[in-house]
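Numbered from 1 within each chain, the chains take letters A, B, ... in sequence-line order.
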Protein chains: 2
Amino acid sequence: MSEIAVTMKDVARYTGLSIATISKYINGGNVLDENKVLIEKAIVELGFKVNEIARGLKTNKTKTIGILMPTLENMFCTGIISNVENILIQNGYSTIICDYKEDAKLEKDKLDFLVNKMVDGIITMPHCISQEHLQGVINKGIPIVLVDRIVKGLECDVVLVDNLNASYDAVEQLITRGHRRIGIIIGPEAVYTAEERLKGYIRVHEDYNIEVDTSLIKNGDYQIESGYTLLKELVRMKDAPTAIFVTNYEMTLGAIMAANELNINIPSDFSFIGFDNLQMAKIVKPPLSIVIQPMQQIGEAAANLLLKRLKMDMANFPSMFRLKTEVSIKGSVREI
Amino acid sequence: MSEIAVTMKDVARYTGLSIATISKYINGGNVLDENKVLIEKAIVELGFKVNEIARGLKTNKTKTIGILMPTLENMFCTGIISNVENILIQNGYSTIICDYKEDAKLEKDKLDFLVNKMVDGIITMPHCISQEHLQGVINKGIPIVLVDRIVKGLECDVVLVDNLNASYDAVEQLITRGHRRIGIIIGPEAVYTAEERLKGYIRVHEDYNIEVDTSLIKNGDYQIESGYTLLKELVRMKDAPTAIFVTNYEMTLGAIMAANELNINIPSDFSFIGFDNLQMAKIVKPPLSIVIQPMQQIGEAAANLLLKRLKMDMANFPSMFRLKTEVSIKGSVREI
DNA sequence: CCCCTAACGCTAAACGTTTCGTTTATATTT
DNA sequence: AAATATAAACGAAACGTTTAGCGTTAGGGG
C-alpha cells in the first residue's frame, strides 16, 4: 500500500551522479546541461519530490508562514486570510492557517504549534496573548506581524485600521445630519478594535458637545445574534435613538434582520450605519451605509511587511500601518 | 536576536545522561525517578522543546492532519472545520487548514503541499481534483476522508449528507401543502451536492406526478448575490412559483434580502425554505423553514473515521457515512 | 605542451531526532 | 558467592537533505 519514498539518493543512483549534484540542480546551482536533462528525466521517471522535512531540518527554513486567527466564522478574518495568502503564494510561501476559536489557551497552544512547525514567520490577529509570549517567539528569530489589533507593550510590526476615526467619521456623518441620540452596538469590551471604536464614538460626541448617554451603548459579541437582540433593545427604549451604528458585519446582519422583523422602516424610523461587507450593503434595501475596511490592503500590507522582514530588512522596525477606512453613506441615513 | 536552539544534546550534557535516555524520557519510556527529576529540571532550565521537524524526519509521522477546503467564505465549510478540529485536538493531533479558493490548480497544489508537509492524514471537500491524484496520495499511505462530496471512481472513505433526500424531503413538504410550482435556487452544475439536490427536486416531482418546469430551476454559485438575483428572477416570472427552495446558506441570505427589498410577504406571497444556519433561521421573521445539515456530526464522523484509519484499522474500507438532514418547517411555509 | 582557470562534481559532515543492539548496574535466585 | 534475570542507560546508525571544501575535467593562452 505505502509506496517507499524516492529520495535524492535514488535519483543519484539512477543518473550515476552524486547526491550533492542532484541537490545542486534542485536548488538551481550550476550543473552541466546534459546532466540537467538526465536529472530531470530521472526525477520524472522516479517521481521524486523533495522531502521538505529533511530540507527544513538542514536549512531551518520551511518557506511556510503561519496565520493565526481568532475565528473563521467572521468574514473580516477570512477576507484577510485570503488576501494575505494571495501575496504569500506569489512569493513562493505556503501558509498554515490556524483558528484559535477566541480561546486564550488555544491561542497560546497554536502559536507554539506554529513555532514548532518551524514556520518562517507569523501573521496573527491577537486576542489574549501576552506580550511576553509573543516576544519569546520574536526572540527566536521568527518575525511576527500583527493584524487589526495591537498588543500593549510589544514592539512589533502591525497593520491595522484607524478604528477610532472610522467610528468617529461614521458617527459624525450622523451628527451633521442632525442626529443627537445615536445608538451604538459595539464589540466585546476586551477587544482592542471595540475599545477604539467606542473611543471614536465618545470623542465625536465631545467634539460636538453632545452628552454621551451610556444607555445608548450596547456591548455585543460580534455575532449575528447580539446584533439582533441589541437592535431590538435600542429600538424599544422609551427614549429611543434616531440613528444606530453597528460595528461589525455579523452584528449588522443580525440588526437588519431585527429591523425587518419589527417592520422598521429605514431610514424614516431610524438611520442606520453598518460595517464591512460591501456586497451585502448593495443588496439590502435601502442601500446600506457602511464603514468599509480595506481588507485587501490590510492583507497585502501585512503580507508584504512580513516578506520584507523575512529578507532581513529591518528598516523602520517596528512599523505601524494605520489604514484608513471609508464611510459610504447611502439611503439608510437621512437628515432630521 | 535569534536564540540558538536547545537540543537533546544540550539536555544530555546538562544532565550527564545520554541523548538516548533523554529521548526515552520525552517519549515516556522507563527512566529512573531521580533522572526523571533531573531531566525535567534541565528541560525547564534550558527551555528545551522537541524539534518536530527532526522528529518527523525520523518517524515519518507529524501528528498533523491536513484540512483542505474549497473556501473559507462559507459557513458550512468553516463549521465543519471547527468540528473536525475539536475532535482531532482531543486526540493529540494538530491541523493545517488550507483554502483552495475553488480553484482547480490550487486544489492540486495545496494537496501536494500537505503531502510535502508530511501530514499523517487528510480531510478534504473535493472539487475538481482527479481521482488519480487523490489515489496517488492514498498510495503513499496517507489516509484521506472526503467530506460532503464524492469523487467518482475513487475508493475512499467519505462522510456526506443525503443531499438527494434532503432536497426531496424539503420539496415534498411544499408539495403536500399544495404547492405545484416550486422554484429552486441550486448551486453550480459542476458541484456534486448541487447535482444531488437537483435530483431530489426532480425525483419528488416525478413521484408526485408533477411535471418539472425547467424555468423554475435557477443555477447560482452558492454566493449571497446569486441568491439575491435569482430570487428576483423567480418572483418576476409571469407564471411565478408559489414556493421557493434555496439550497445553501449564502444564497438563502441573498434571497431573503431580495424578498425584503421587494416587500414580499412570506409566506403569504411565497412559501420559502432555506438551508443551513439555524441561528439565522430563528432570527428572521417569520421563522425560516430550513434544511438543517448536521455539521457537527459530519465533522466528528470525518475526524473519527480518519483517526480510526490512522490507527491502521481498515475495517469496512471504504466506508460511507451518509448522514440524514432534518427539515424544519416553520412559519415561512404555508398551505395553499 | 604545459599550466592555469573556470566549471562542475564529489566526499563527508552536519541538522536533531528515534531506535536497535549492547553494556552496565542492580536485584533475585540458587 | 556465583549465576541469572531485569531494568536502565548508552553508543551509534539511521532519516533525507544542504553545503563546505576539495578534486577533477576541459579548454585556452602562453
Side-chain angles (χ1 to χ4, degrees), chain A residues 2-40 42-43 46-64 92 115-120 140-142, chain B residues 2-40 42-43 46-64 112 115-120 140-142:
Chain A
S2 175
E3 292 167 5
I4 186 74
V6 179
T7 74
M8 283 192 180
K9 203 195 276 184
D10 300 312
V11 178
R13 192 176 311 135
Y14 190 95
T15 57
L17 296 167
S18 82
I19 295 182
T21 307
I22 311 301
S23 172
K24 212 169 174 187
Y25 170 78
I26 299 282
N27 295 291
N30 271 337
V31 176
L32 277 185
D33 281 348
E34 55 181 285
N35 285 337
K36 281 187 186 165
V37 176
L38 197 58
I39 296 174
E40 190 50 43
I43 288 178
L46 301 172
F48 169 78
K49 285 267 173 131
V50 174
N51 181 326
E52 296 286 350
I53 300 275
R55 171 183 277 176
L57 180 60
K58 250 333 250 192
T59 60
N60 267 325
K61 292 267 164 291
T62 54
K63 276 280 181 179
T64 302
V115 173
N116 263 6
K117 280 278 177 237
M118 303 268 170
V119 293
D120 297 344
K140 284 204 175 72
I142 302 177
Chain B
S2 174
E3 292 166 6
I4 186 74
V6 180
T7 74
M8 282 190 180
K9 204 195 273 181
D10 300 312
V11 178
R13 192 175 313 133
Y14 191 96
T15 56
L17 296 167
S18 82
I19 294 182
T21 308
I22 311 301
S23 172
K24 208 170 171 189
Y25 170 79
I26 299 281
N27 295 291
N30 270 339
V31 176
L32 277 185
D33 281 348
E34 56 183 283
N35 285 337
K36 280 187 185 166
V37 176
L38 198 58
I39 297 175
E40 190 50 43
I43 288 178
L46 301 172
F48 169 78
K49 286 264 174 134
V50 174
N51 181 324
E52 296 285 350
I53 299 275
R55 172 183 275 175
L57 181 60
K58 254 329 255 191
T59 60
N60 269 324
K61 292 267 164 290
T62 54
K63 275 281 181 181
T64 302
D112 290 342
V115 172
N116 264 6
K117 281 278 176 235
M118 301 268 169
V119 294
D120 297 345
K140 285 202 175 71
I142 302 177

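- Across the protein-nucleic acid pair, Y25(A) atom OH and dG16(D) atom P stand 21 Å apart, rounded to whole Å.
- At the heavy-atom level, T7(B) lies under 4.0 Å from the strands shown only through sugar-phosphate atoms.
- Distances were taken from every side-chain heavy atom of N30(B) (C-beta onward) to each of dA8(D), dT11(C), dT17(C); the shortest belongs to dA8(D).
- Between the C1' atom of dT17(D) and the CG atom of N27(A) lies a distance of 9 Å, rounded to the nearest Å.
- Taking 4.0 angstrom as the limit, T59(A) places none of its side-chain polar atoms (N or O) nearer than this to OP1 or OP2 of dT18(D).
- Between the CG atom of N116(A) and the P atom of dG16(C) there is a distance of 14 Å, rounded to whole Å.
- Comparing atom distances between the L32(B) side chain and each of dA8(D), dC10(C), dG16(C) picks out dA8(D) as nearest.
- At the phosphate of dC15(C), neither OP1 nor OP2 sits under 4.0 Å from any side-chain N or O atom of N51(B).
- One atom, CZ of R13(B), and another, C1' of dG16(C), lie 13 Å apart when rounded to the nearest Å.
- In this structure, D33(B) atom CG and dA25(C) atom P are separated by 20 Å, rounded to whole Å.
- Contact between the side-chain N/O atoms of S23(B) and the OP1/OP2 oxygens of dT17(C) is not found at any separation under 4.0 Å.
- Note: NZ (K9(A)) to C1' (dT11(C)) measures 14 Å, nearest angstrom.
- Counting any heavy atom pair closer than 4.0 Å across all strands shown, L57(A) reaches a base atom.
- Among the protein residues, I53(A) comes within range of no part of the nucleic acid, since none of its heavy atoms lies under 4.0 Å from any strand.
- Note on K49(B): only backbone sugar-phosphate atoms sit closer than 4.0 angstrom, heavy atoms only; bases stay farther off.
- Formation of a donor-acceptor pair under 3.5 Å by the T15(A) side chain with backbone atoms of V11(A) is found in this model.
- Among T62(A), I26(A), N60(A), the single residue meeting the side-chain contact (heavy atoms from CB on, under 4.5 Å) criterion with R55(A) is I26(A).
- What separates CD1 of I19(B) from P of dA13(D) is a distance of 13 Å, to the nearest Å.
- Listed nucleotides dC10(C), dT18(C), dG16(D) differ in distance to K58(B); the shortest reach to its side chain belongs to dT18(C).
- If S18(B) and R55(A) are placed on DNA chain D by their nearest nucleotide, the residue sitting closer to the 5' end is S18(B).
- You'll find the side chain of N51(B) reaches within 4.5 Å of the side chain of M118(A), heavy atoms only.
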Report task. Decide yes or no on side-chain contact (heavy atoms from CB on, under 4.5 Å) for V115(A) and K140(A), but give the supporting numbers first. Result -> CA-CA 9 Å; V115(A) 173; K140(A) 284 204 175 72; 4.1 Å; yes
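- dC10(C) atom C1' lies 10 Å from atom CG of L17(A), rounded to whole Å.
- When heavy atoms are screened at a 4.0 angstrom cut-off, N60(A) is found touching no nucleic acid atom at all.
- Counting non-hydrogen atoms of other residues, nucleotides and ligands closer than 6.0 Å to NZ of K36(B) gives a total above 12.
- Residue F48(B) is classed as a sugar-phosphate contact, given heavy-atom separations below 4.0 Å to backbone atoms only.
- One distance of note links CG of D33(B) with CG of L38(B); it measures 12.5 Å at 0.5 Å rounding.
- Donor-acceptor pairing under 3.5 Å, judged by distance alone, is absent between the side chain of K24(B) and the base of dA8(D).
- Comparing dT17(D), dC10(C), dT19(C) against the side chain of A20(A) picks out dC10(C) as the nearest.
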